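Just so it is clear: chains get the letters A, B, ... in the order the sequence lines come, proteins before strands, and each one is counted from 1. Predicted model only: the values in this text are computed from it and were never measured.
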Protein chains: 2
Amino acid sequence: MKEFRCVLTNLEKHIQLTPEEVNLFISHLHHAKLQKQETLLEQAAFCDAIYFVNEGMLRAFSLAEDGKEHTVMFATSDWWITDMFAFVKEQKSVVSIEALVPSSVLRLSKLDYEELLFQIPKLERFFRILMQNAYIREQRRSMENLALPAKEKYEIFKNRYPEISKQLNQKQIASYLGITPEFLSMIRNNS
Amino acid sequence: MKEFRCVLTNLEKHIQLTPEEVNLFISHLHHAKLQKQETLLEQAAFCDAIYFVNEGMLRAFSLAEDGKEHTVMFATSDWWITDMFAFVKEQKSVVSIEALVPSSVLRLSKLDYEELLFQIPKLERFFRILMQNAYIREQRRSMENLALPAKEKYEIFKNRYPEISKQLNQKQIASYLGITPEFLSMIRNNS
DNA sequence: CCTATTTCTTAAACTACTTTATTTGCCATC
DNA sequence: GATGGCAAATAAAGTAGTTTAAGAAATAGG
């Protein structure tokens, strides 16, 4: 039961479930542990689940043809992560998701997800709010990418995700900001 | 009734409403016409509504301190538009929304939006899917911003929104791609 | 504790894109 | 048919960020 406490608190931020609904919900979750560097989802594979992070830290990134990695998102405890495009449209994933540190996640398959939405309509509200917040975050990121120079993007990132940024190395941060690790090094040492 | 046909078709893409629900829903919508260049939402004002575009074309953009405009999104017939951050969090808007051509929109106030979600729980599903698609779009845009040079971003934009891009001038497209109009001119004339 | 491997730093040459300025074309209107 | 005003084109000079390469520092593994 202990491994579900965190996800239930997460749900309770937005909706109230009855004890029966709670049981139904968690009966569809499958616990998985990941070692450092282990891959949860492989780029170009079908993505048939969404994951809740209990513990640890994950990174979603796409590997381009030129060999460059672009980090789409990081997820730490209490975050949901998947390749939303692939999950929703049942397409091949455009990202890989890997554990940056030993991690523990709860897996909710697409089938179970849809069944749960059907059986517990309140979950529509929950995921509506989740998607809404994700949209707001991504839109802000797009805007900042267009409007701001690298140094400011870096400062914002550090302030917005202090605990995450402390655990990341330079290459990982650079791949999120869209700059080279060399240039990030310059930014860091010039200020 | 004619002005509601388009939004009802939009709803029907994802949910089925009863005739009573349809009446309730449209009773909360307020029709508004906009002239070319007219502003629907002013940056730094509170944003207390979401808009469905019946006809025309709108643009959401933020004006930075250095005088530069950054276009967040365009919306044409059959799209929903607002400053989602300001709408959801009840904050001051970070964008202005203006009509690029004479336009007609349906306004749904935040209060009515929340009341409708309460009275017609099926709408949670509708907006969940709307937010989900918006999230997917923005995430893809973020990734492309990081990974691709200006020329490719331009080609993708033209292909993804052919009818929109044809109606825009160079400055408007450039402000969406995050480049200067001069550089876009170069891209266009070098190929 | 030593070595191997990865991560970070630094710097010089390079490129994509910006800035500034001038010119050209394009309609709208009197 | 001239005139004003805005959108687009062009080009030269400047800048933010990349590339490449080499060395220093940190970390991990045996």
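Put simply, CG on B:D66 is 8 Å from P on C:dT19, counting in whole angstrom units. The CE-C1' distance, from B:M186 to C:dT20, rounds to 16 Å in whole Å. The CG-C1' distance, from A:N169 to C:dT9, rounds to 15 Å in whole Å. Rounded to an integer number of Å, the gap from CD1 of B:I179 to P of D:dA16 is 19 Å. As a whole-Å value, the separation of B:N189 CG from D:dA7 P is 17 Å. Here the C1' atom of nucleotide C:dT24 and the CD atom of B:E182 are 15 Å apart, to the nearest Å. Put simply, CZ on B:F183 is 15 Å from C1' on D:dA9, counting in whole angstrom units. When rounded to the nearest whole Å, the span between OH of A:Y154 and C1' of D:dA16 equals 18 Å.
The side chain of A:S185 contributes no N or O atom lying less than 4.0 Å from OP1 or OP2 of C:dC8. Here B:K68 reaches the OP1 or OP2 of C:dT19: one of its side-chain N or O atoms lies under 4.0 Å away. Residue A:T180 places at least one side-chain N or O under 4.0 Å from the OP1 or OP2 atom of D:dT18. Phosphate contact (OP1/OP2 of C:dT7, side-chain N/O of A:Q172, threshold under 4.0 Å): absent.
The aromatic rings of A:Y176 and A:Y161 lie perpendicular to each other, with more than 60° between the two planes, well past the 30° mark. Ring geometry for A:F127 against A:Y113 counts as perpendicular: the plane angle is over 60°, on a 0 to 90° scale with 30° as the lower cut. Using bins of under 30°, 30° to 60° and over 60° for the plane-to-plane angle, the ring pair B:F74/B:F157 lands in the tilted bin.
Across all strands, B:P149 comes closer than 4.0 Å only to sugar-phosphate atoms, never to a base (heavy-atom distances).
Comparing the start and finish of the helix from C:dC1-D:dG30 to C:dC30-D:dG1, five pairs each, the helix axis swings through 40°, to the nearest 10 degrees.
Other residues, nucleotides and ligands contribute at most 12 non-hydrogen atoms within 6.0 Å of the CD atom of B:E55.
The residue among A:K153 and B:K171 whose nearest nucleotide of DNA chain D is located toward the 5' end is B:K171. The residue among A:L184 and B:L184 whose nearest nucleotide of DNA chain D lies closer to the 5′ end is B:L184.
Counting only residues at least two apart or on different chains, the salt bridge (charged side-chain N to carboxylate O under 4.0 Å, His left out) pairs with a member in residues 57-69 of chain A are A:R59-A:E69, A:R59-A:E98, A:D66-A:K68.
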Validation: residues 84-94 of chain A side-chain donor-acceptor distances under 3.5 Å, sequence neighbours left out:
unit_1, atom_1, unit_2, atom_2, d
A:K89, NZ, B:N133, OD1, 3.1
A:S93, OG, A:D83, OD2, 3.0
A:S93, OG, A:V95, N, 3.1
A:S93, OG, A:V95, O, 2.6

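A:K151 and A:E155 are not joined by a salt bridge, as no carboxylate oxygen comes within less than 4.0 angstrom of a charged side-chain nitrogen.
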